[in-house]
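These notes concern the structure reproduced below.
Below, each value reflects all heavy atoms present in this structure, side chains not excepted, and no hydrogens, waters or symmetry copies. The shown structure was predicted, so the numbers you read here are calculated from the model rather than taken from an experiment. For the single chain, residues carry numbers from 1 onward in sequence order.
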Amino acid sequence: MAAVTSPETSPQPRVYFQTPAGTAEEPETPVRKQGRVTVKYDRKELRKRLNLEEWIIDQLTDLYDCEEEAIPELEIDVDELLDMPSDVERAARVKDLLVDCFKPTEDFISELLDKIRGMQKLSTPQKK
């Protein structure tokens with residue numbers, strides 16, 4: 001059913017549609033639930049990890065003097081580094097990964113170790 005407003009209440013006539021009694025309308029936009037990933041992991045920790053990964057990519061493009069797509073295939077696994085007992089072992093692992101790099105990598109390795117210090121490992125939670 002439609003109802004038209006009178007000219008006294010508004011300068012332009014407006015038409016309002018009413019839902020007939022007994023019919024339930026679905027909401028236009030579904031209610032958003034918080035994503036499963038952010039429920040299982042701390043959102044702040046995910047943001048830190050994303051920022052770290054973006055920083056690593058930027059640094060590698062500088063070290064290898066190339067675009068992101070041309071960086072040699074290597075994976076710096078932050079969780080693997082966090083599992084290592086000492087910075088000496090972490091530094092050695094990253095140095096091994098960067099063996100093909102001809103630029104000095106010491107500053108990159110030092111900064112990377114500073115950035116991961118205090119981060120939490122993002123282990124996959126067990127299903128309940």
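- A continuous path of hydrophobic side-chain contacts links I56 to M84 [ILVMFWY only; heavy atoms under 4.5 Å].
- When all heavy atoms of L97 and Y64 are compared, the pair lying nearest together is O-OH, 4.3 Å.
- With respect to R93 and D96, no salt bridge is recorded, no charged nitrogen being found less than 4.0 Å from a carboxylate O.
- Taken to the nearest 0.5 Å, the CG atom of D83 stands 8.5 Å off from the CG atom of D77.
- Taking CG of L81 as the reference point, atom CE of M119 lies at 11.0 Å (rounded to 0.5 Å).
- In this structure, the separation between CD on E80 and CD on E89 is 11.0 Å, given to the nearest 0.5 Å.
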Using side chain to side chain contact (heavy atoms under 4.5 Å, CB included), reason through V94 and T105 one step at a time and then give a plain yes or no. CA-CA 9 Å; V94 175; T105 59; over 6 Å; no

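- The side chain to side chain contact (heavy atoms under 4.5 Å, CB included) with L74 is formed by just one residue from the set D100, L60, V99; it is L60.
- Here the shortest heavy-atom pairing between K115 and L52 reads CB-CD1, 3.8 Å.
- We find that K103 and D62 are not joined by a salt bridge, their nearest charged nitrogen and carboxylate oxygen being 4.0 Å or further apart.
- With sequence neighbours excluded, no residue forms a side-chain hydrogen bond (donor to acceptor under 3.5 Å, both in side chains) with E54.
- For the residue pair Q120 and R49, the shortest heavy atom distance occurs at O-NH2, 3.0 Å.
- Of all non-hydrogen atoms in W55 and L112, the two that sit nearest each other are CH2-N, 3.7 Å.
- The structure places CG of D107 at 9.5 Å from CD of Q59, a figure rounded to the nearest 0.5 Å.
- Two different hydrophobic clusters hold I57 and I109 under the rule that ILVMFWY side chains link at heavy-atom gaps under 4.5 Å.
- The CG atom of D65 sits 12.5 Å away from the CZ atom of F102 when rounded to the nearest 0.5 Å.
- Atom CZ of R117 has more than 12 heavy atoms from other residues, nucleotides or ligands within 6.0 Å.
- In terms of heavy atoms, L82 sits closest to I116 at CD2-O, 3.6 Å.
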